[in-house]
Amino acid sequence: MAQAAAELAQFAPFHLMVDATGALTFGAQGPEKSLQALHAPHMLKNMAVNAVGPTLLFKHLMPLLDTQQRTVYAKLSARVGSIGDNHKGGWYSYRASKAALNMLLQTAAIEANRKRPMLVVAALQPGTVASALSQPFVASGALQPDTSVSGLLKTLDGLPAIAGAHFVDYQGVPIPW
Ligand SMILES: NC(=O)c1ccc[n+]([C@@H]2O[C@H](COP(=O)([O-])OP(=O)(O)OC[C@H]3O[C@@H](n4cnc5c(N)ncnc54)[C@H](OP(=O)(O)O)[C@@H]3O)[C@@H](O)[C@H]2O)c1
């Protein structure tokens with residue numbers, strides 16, 4: 001990540017960065033449906049890929065964002081990372097890793113706002129989108145990626161810079177943390 005940031009520095013300053021990484025399935029292990037299915041290595045992989053990695057990426061890339069103009073750092077999160085919106089249970093590690101991601105983004109956004117008051121930080125819910133990640137779990141009716149992306153970009157255009165992160169979906173609707 002440090003090396004990638006060093007190579008990108010020649011193109012700085014940036015005004016929009018979107019981190020769209022994430023994983024729901026690791027090898028043959030998909031999301032857990034029950035407490036009895038929990039397995040420490042799988043839980044830790046979720047945390048590493050969905051929470052730790054993206055936060056370290058933000059750490060390395062944030063210095064490349066412009067300080068003189070409005071800038072946006074967006075990370076694909078997931079509605080299932082909302083604690084307030086969790087009415088169904090299941091998907092333990094993925095949910096927990098996205099909740100951890102949201103907390104890390106919120107904490108980083110508060111700190112960043114002190115020196116970068118024009119920086120917008122957003123945790124995004126893209127909708128249920130047809131992709132390699134969702135394919136094993138969605139029978140039909142998933143959004144096409146271009147529909148999700150155009151909604152997300154429109155949403156990002158309308159978000160104000162605040163002393164914290166936004167948690168919002170591709171239609172611009174805020175999601176409870
Ligand atoms: N699809 C949905 O319905 C949905 C719903 C809610 C939230 N999301 C979130 O949206 C984001 C994008 O998901 P997607 O549906 O586009 O899934 P995807 O098609 O599987 O894309 C995931 C991306 O993450 C990268 N990635 C995975 N593990 C990585 C690792 N260890 N290190 C670096 N990169 C890694 C993959 O890179 P490679 O291509 O190199 O493997 C890929 O580019 C994720 O954060 C996901 O949680 C998706």
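Reckoned from all heavy atoms, side chains included, excluding hydrogens, waters and symmetry mates. The chain is numbered in sequence order, starting from 1. Whatever order the structure lists ligands and atoms in, that order sets their numbers, starting from 1.
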query = Among protein heavy atoms, which sits nearest to atom 12 (C) of ligand 1, and what does the distance come to when rounded to 0.1 Å?
reply = Ala20 O, 3.1 Å
Specify whether the nearest protein heavy atom to [atom] is under 4.0 angstrom away.
atom	value
atom 20 (O) of ligand 1	yes
atom 37 (O) of ligand 1	no
atom 28 (N) of ligand 1	yes
atom 40 (O) of ligand 1	no
atom 43 (O) of ligand 1	no

ask   = In this structure, which one of Leu16, Leu57, Leu156 forms a side-chain contact (heavy atoms from CB on, under 4.5 Å) with Tyr73?
value = Leu57
Report the member of [options] with the shortest heavy-atom distance to [atom].
atom	options	result
atom 30 (C) of ligand 1	Val49, Asn50, Leu101	Val49
atom 34 (N) of ligand 1	Val18, Thr21, Asp19	Thr21
atom 18 (P) of ligand 1	Leu133, Leu76, Asp169	Leu133
atom 8 (N) of ligand 1	Gly127, Pro126, Ala142	Pro126
atom 15 (O) of ligand 1	Ala132, Ser77, Ser148, Ser131	Ser131

task = Go through the steps for Lys75 and Leu101 under the test side chain to side chain contact (heavy atoms under 4.5 Å, CB included), then give the verdict.
result = CA-CA 9 Å; Lys75 170 73 194 94; Leu101 166 71; 3.8 Å; yes
Give the atom numbers and elements of ligand 1 that come within less than 4.0 Å of a heavy atom of [X].
X	result
Lys98	44 (C), 45 (O), 46 (C), 47 (O)
Lys75	45 (O)
Tyr94	7 (C), 8 (N), 46 (C), 47 (O)

Polar atom proximity, [X] to ligand 1 (N or O, under 3.5 Å):
X	result
Gln125	no
Val129	yes
Thr128	no
Gly22	yes

inquiry  = Pair Asp66, Thr71 - check side chain to side chain donor-acceptor pair (under 3.5 Å), show working.
reply    = CA-CA 7 Å; Asp66 202 339; Thr71 52; over 6 Å; no
ask   = With a 4.5 Å limit on heavy-atom distance, are the side chains of Glu32 and Ser93 in contact?
value = yes
message = When you compare the side chain of Asp157 with that of Lys154, does any pair of heavy atoms fall below 4.5 Å?
response = no
query = What part of Arg79, side chain, backbone, both or neither, has a heavy atom within less than 4.0 angstrom of ligand 1?
reply = neither
inquiry  = Please work out, at 4.0 Å between heavy atoms, whether the side chain, the backbone, both, or neither of Gln135 comes within that distance of ligand 1.
reply    = neither
Could you check whether any side-chain N or O of [X] sits under 3.5 Å from a backbone N or O of [Y], counting only pairs where one atom can act as donor and the other as acceptor?
X	Y	answer
His60	Thr55	no
Ser148	Pro126	yes
Arg116	Leu65	yes
Gln125	Asp169	no
Arg70	Leu119	no

query = What orientation do Phe167 and Trp177 show, parallel under 30°, tilted 30 to 60°, or perpendicular over 60°?
reply = parallel
message = Just by distance, no angles: are the side chains of Gln171 and Thr155 close enough, under 3.5 Å, to form a donor-acceptor pair?
response = no
